[in-house]
Amino acid sequence: MALVVFFVAAALALAGAVGVVAFREPIRSVLSLVVVMLGLSVLFLLLSAQFVFVVQIIVYAGAVMVLFLFVIALMGPAREMARTKLRFQAWLSALFVVVLAGLIWAMLQGVQYRQPDKTDLSIFGTVQSIGVGLFTTYLYPFELTSILLLVAAIGAIYLSRKTIDDL
Amino acid sequence: MTLTVIWLLPLIGAALIAFMPPRFAKWFGVVVAVAALAVAAGVAFFFEPGYRGYQFTEVVPWIPQLRIFYRLGVDGISLWLIVLNAFLTVIALLATPITTRHVNRFVALMLAMSAGLAGLFMAVDLVLFYVFWEAMLIPAYFLLWIFGEGDRPARAAIKFVLYTLAGSLMMLVGVIAEYVVTGKQTFDIATLATLPPAPAVQFGLFFVFALAFAIKTPLFPFHGWLPDAYMAAPTPMLVTFAGVMGKSGAYGFLRIAVPLFPEPVGWWDWRWVIPVLAVGAIIWGALMAIAARDMKLLVSYSSVSHMGFIVLGIFSFNVQGQQGALLQIVNHGVIIAALFLIVAWISDRVGTRDRSAMAGLALRMPIMAGVFFVVVLAALGLPGLNSFVGEFMTLLGAWQRAPVLALFGGIGIVLAPVYMLRLFQGIMQSAPAGPVPRSDIYAGQLVLLAPLVVLMFAIGLDPNVMTNLMLSVALPGPIR
Amino acid sequence: MSTLDIGGSQIDTSWFLLLGAVLFTIGTIGVLVRRNPLVILISIELMLNAVNLTLITFSRQLQNIEGQLFALMVMTVAAAEAVVGLAILVDIFRVRDVEDVDELSEMKG
Amino acid sequence: MSNQTLALLVLLFPAAGAILLVGRGWRLPRIVTVIVGPGVVWASFVITLALFFGKVSGDFTYWTWIKSGTFEVPFNLLVDNLSIFMCLVITSVGGLIVTYSVGYMEHEDDPSYARFFTYMDVFIFSMLLLVLAGNFVFLIVGWALVGLSSYLLIGFWYQRRSAVLAARKAFVMNVIGDVGMILGTFVLFVMFHSVTFATVFREITNPNYCTPAAICALPLRIVTDGPGIELAAFLLLVGAIAKSAQLPLHTWLPDAMEGPTPVSALIHAATMVTAGVYLIGRMHPIYDIAVYAHGAVAIIGAVTALFAATIAIVQTDIKRVLAYSTMSQIGYMFLAVGIGAYSAGFFHLLAHAFFKALLFMAAGNVIHAMHDEQDMRKFGGLWRQLRLTSVSFLVGSLALVGVIPLVGYFSKEQILGAAFSKPDDPLALGVWVIGAVTALITGFYTGRMWWISFAGKPSPERPVEHPHEARPVMLVPVLILAALAMVGGFIQTRALGIGPSAVSDFLSSAVGPVRWEGGAEDVVVGLATMALATLLFLAAYRVYVQRTWKPWSTALPWAQRLLERKYYFDEIYNAAFVRPMDAVANFGLRDFEEPILDGVVVNPGAAVTAGASSLSLTQSGYFRNYVLVFVGGAVVATVIILVRASS
Amino acid sequence: MLAADLSYSWSQALADLGQIAPIATLTGFFLFAIVTDLVLPKQRRGNAVAMVAVAGYAYSLGTAVYRWRFAQGGYAYHQFATGDNFALFFEVLFGTLGILTVAVSHPYLRRRGMLESEFHILIMAAVIGMMVLGAATSLVTVFLGLELLSIALYIACGFVRTESRSQEAATKYLLIGGFASAFVLYGMALVYGGAGTTVIPVIASRLGSSASGNPLILLGIVLMGVGFAFKVSAAPFHMWTPDVYQGAPIPVTAFMSVGTKAAAFAMIIRVFAGGLPHLAPEWQALLAFVAATSMVVGNLMAITQTSLKRLLAYSGIAQAGYILIGVIAGGPTGLAAVLYYLFTYMFVNFGAFAVITMLAAPDGDRDSFKDLEGLGRRSPLMAILMTVFMLSLAGFPPSVGFFGKLFVFTAGVSAGYTWLVVLALVMSVVSVFYYVRVLIPVWSASTRTDRVSAPFSSLAAIALSGVASLALGIYPTTLLVVSQLGANPITGP
């Protein structure tokens, strides 16, 4: 049963990913990324990461992607032309990427996994455990993310001002 | 403390003069230089001839993490270069025309260069040696470039710097490697001299050091920078540039390369390569001097030839050769300074440096002719004048090493009168022709030359004074 | 070689990892071949998602919550990056209509 | 006054004179120059006499000039009969000539006048130093200093380009000789660890390392360290032939005639050019062992004698004739010392100093009277106007030819006799033949010179119609020398097999007794040679004055040309050495230094720059290229890691 | 078990906060600056924020120094951060850099009529990011610090919104930066998978040398290494550097050219030397490759440049190569050398950029060679200082440049990487050529007479840099001692 789910979700994600790269219109790329995210969120669920699953759907697929959509709407549907100044770019990238992927693939074959530390999977990945982790061990990183977001906000504000003088 | 004064004093003087109104600059500079000379002379005076080792040593921990020390000291070898440097600096500053543009900067840079040289000759720590070795490039570069003559001084300057760096950066590898391979982790030259690495390693290390020194000296194939640099250099600078800095390469051979790497033997034997190159320099320099029509160029190439004798003496690995080389270092310093000064004075009286464009000047400037002739005789190694002793001893040393070296060196001695007399007779003698010189030598210039000429006679008549002091050598070697 | 027991059925860990690797690679391809800066940004997001998958897989395999927390951090960062990136792009679009990153090649050499 | 200071004084007087006259000497009144110039020479002559009569001899060390390891050079003067003999010759003849030049140079303006005497005194000093030096280094010092003064005096009239060139030529040739001597000194130093004559000669004659003395017999010594000594001897010989203008380093001497005539008389006839002979004599312990070098000395001497004599036949410049005859006479001396007849060689040196100085000064008078015309074809018939000069010139010429009882006969015949008297020695015999032939030629060219200049009618293009006899100051020295040339021979008449042998006896302590076991036949042969030479002398009258006999040159014009071009030596040397040197030098400066040496630096520089600019094309400005390179780098990195980890 | 996790005592909280005190204080001032910016009227904002910023830097600098002298460094927040000497060293470095940046950038922004306040706030954020990076002992914190720093700089690069170049720089930097951080992140994920934790010391203790057989770790090293190399702008991951440096406003360039480099090196040392000591051979091989390429590429490309910014960018690439030699050599001497080099390099490179900043005109930066013409007469002091900086970059004694190289190369040779050192020296012959080329317009005679207006703050900053880059060379000992202490936490005393 889970196996089926896995394959469906994985296929969905892969399809979406291909779509991201393949589609000419940005809007379709965005939508296919949403597809990827949905697929991944299912996998997260399989991997008993319920909280992340929720966040993935609500925040990521929800908020961030919507942001992208807004921007695209703002810019208008710019279609990518076929012509390019860079010859060999595609071929070389294909070559490199294939090699890189091959290498990664080859390496991931002989992986030696660590022995799992014994925790009871009943509460693994629940909001509760996440919360505990987030506010004890990950307190410091958590605070850092807040600063990060603050900076991002300031930057966005600065950059999206009409002119120097307003505000 | 004394030695520190010798190099720090000119440096401080330079710093002050740089921001001084030009009209005081020259004389203040002279005062500083004379003070430094006085200190150096004091050192020479209280020098212990018999003592085997460094004297007036100063040891201050500098970078203890790497066992780098601020180590100064003089022995029978370095003493002479220090005195020569201080002395020629005074001459050079006196020879500086007060009308030079930015004369204060010029004087400051000159003092800085002489400070670097003084430090170089007193440094007993490999890193300190290297620091001074490269630091003195900076003033030299600016002097060549900003105050240089000719159409492209900048090119000559950068060429000089790159040439030198190509060698000295390789030397830096050597310095570091010496610190590592000896296992003792020290930069103290005296200590390093007691633990030579394995011959194979020596082969490599000697190469990097020798390359730096060979370029600086310069030996035969590495002298490409010299004509441009000497042609570009302003005359007062040449007094110390050719007179002292030119010697730093030879000093490096004598102080670093030979004692630290007694047997640099690999695929072939460096102890034979270098003297062969030296002979090459002797003959090639002489030939180029014969062909040169520009007086300054001629003198520059003659310097290449003479430096060849010095290196030849050093690499004869016997006491006569090395003492002769040291004598010759001083002699050549004195002679080349006088030659460049005279040539410059003549050419600015006549308005050209092309020796074939003038003739019979002796009629108009008899005194100049007389002084010039004495200097020429000294340069071509006439007995009774200083250069004869040095060349005789270097050749004797070379002969003891391998007669064929001395034989070819002898060719250099035969060629010397050819170019020197071609120069002197060509411009001074036969029926007057070409431009008419404005005047004979000025009294001031004569006074400036007097000490040099006196030295030529003094060293020629009683060289023993010098060789006696040379006996106090710090590092193991033939002289000791 | 380890397998994850999910709802009774065994799924090999490396499948998840390989899926992540593939997604990451596809993202790379996107960055390499797409010219629309926005799409490039999207591809980067895709790469980050691939990383998230990897993290969470490991977290499950190690039964160690840290991976999921890390993934959350990554999401935040990704969001921030997206915001700033979009802001910059919008800023540019305001001046000129750039649908091709190759047009941003004024500085070279 | 101790002998030590005495010996030093010999040097100091000329030195002091030179120092006094140099510098601003010409500001002094001319009279001072007149007094000081010759005065100092006479002073040291007097002191030399004191040494002579005081029978002073010894090796006086004054101070250590330089000491470096085992290489120690004292400043020491070796006073023995040989050096005293040389000093006597130098100071006496020198004194006469310097006095003579007081008159000869009077036309010079004050500065040049003072300059001339300065140079003269410098020369006297250097020459005395040369002969008094007690070690090789100071021998070389003196050797080079006489070279310098010779250079200065040849180029005395430095406005004349020819004089300048001649001076440079002489200097360079002499430096070649100096280098030879320096290297020879090296050899000896390496062998004996000393440069003082005393030590070296003691080591050579009875080496402390070969005992018992029986083993030290000559043949064995030649085996033991013969090669080294041979080498040293040959190298020293180079110095000798350069200084004495022997083949093949002779070309400078004829040109040296550019100098004032007194200079030619003193330096290029009487003293300096004979330094080579002195050197061989001084080094006789070495040459006694170095048989090959010794033989070479004899051969070179003989060949040069003949060679120079033949050239003298065709010369028209009176001074050049004398110059070549000088070369030829010095050839005799080399011949003598070459076959071991040292004292005979020195006797001829003395005699030659007398009559050649005489000839030169007489010629100087003539030239003076002819207003510096030197071409003898333009003289003719001077016999009537310049009686005294002509007579003394005749005396000199006859002495040169070797007419008994003039000094020339005794000295030359003693040499020839010494050579002839060793029938068992092929070398000696060979050089005797050459010497005899040379004697005959000498007779001919001397006759030619005298007859053309003084006999016959005045030549039409004679510059001066009624020349005046020279002033006493120029005449008296000539007459003195003429007298010496006439009676000088009687101090050593061994050529006749009888009578005194003052010179040989005096020098025997220094150079060993003259090896002379001749008998009556030698005397006869000598007289015969003399007779033939005299006949040729007279024959020249018929050829060149009466013109009743055809000159030989009409028979063989090619020989005439060959001789006039001096066997093409100058041309050969130019083609062989000077031009190639200049060519190489110019080529190097033009085509090596700039293009190649600079190229070594510039081309790599250019290459680097080119590489850089082509490399900077990769910085295309396209973002995607950057990413591409990024990924490529990542791939390479992965490979590296894999390799590293798997290794 | 959860209860146990939740127990977090007050004293513990204080201790933790103490360890990251410099970061915390600076963050406080950062927030205060934002508030100031919001409340004050426009014309007074700029100066006020600048004040706050300087105060913040100074305060956190002081805190760091204080803790260095008197406090016991240790881990905090479950070993996610640390206050050890290494962290403190970099906090001091970044604090100084911040002050210098404000001193130089403030007049610049004034002249160009830009908003100072946001700029300072962004730079503060970047500095915080750098400090976090210096103090991070967990992959997570490393990543967050990296991102904080990067995001702040993305915006700063595009700060001149009216300039297309500035925007282009921002875009390129953002896109390729995001790309690179994805790589880093993937690497971290794999390492986490291999080690089961993100805490660096724990990783170090868990991964023995056997881990070199584990693909996860190896791949992690590759991907992280690639990203790190990107951050230190080492070839072949350097391509963004010249464009971004050229496009960004000069103060930003100056700031990032030294700040980012230092932070990235701190990160490399922490993660590789600190976290993966047993896999040293692997990452050393990787870094050696990177170092070699950077030295060659950087020095060669710099020759043909005509823009000082680009030239210094390439020189920065080359310098990164030199510094990497020290990292590869490792050990107390190697790391001490690296820290020394970074600290002095801050003064030298920043000073060089600062001098160019002085040339800027209201309508844009002036960074071509001809803009330097006649500087010797237009502002002798600037000219002398520029000379000092160039000679120091070229590595002439007695300036710091020489000693930095000396120490690094000594470590390199001692560690057996002689070939790298030789390559480095050969390339530095090339480097002298272009560094000296900069001086030619400075000192050669020119007709330009317009004075260079140097406001006091900038002048002070530049002069300080100049003095430092000489003094720290003539007497490098103290700084070297400090560097060794700073390296202790990684190498062990």
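Values reported hereafter were calculated over all heavy atoms of this structure, with side chains retained and with hydrogens, waters and symmetry mates removed. Note that this is a predicted model, so its numbers are computed, not measured. Just so we're on the same page: letters track the sequence lines, and every chain starts at 1.
- Applying the 6.0 Å contact sphere to CZ of Arg160(D) captures more than 12 heavy atoms from other residues, nucleotides or ligands.
- Identified under the ring pair (Phe, Tyr, Trp, His ring centres under 6.0 Å) test for residues 569-591 of chain D, with sequence neighbours left out: His250(D)-Phe569(D), Phe307(D)-Phe569(D), Phe569(D)-Tyr573(D), Tyr573(D)-Phe577(D).
- For residues 626-644 of chain D, a heavy-atom distance under 4.5 Å to chain C picks out Tyr626(D), Val627(D), Leu628(D), Val631(D), given by residue number.
- Proximity to chain D involves both the backbone and the side chain of Leu32(C), based on heavy atoms less than 4.5 angstrom apart.
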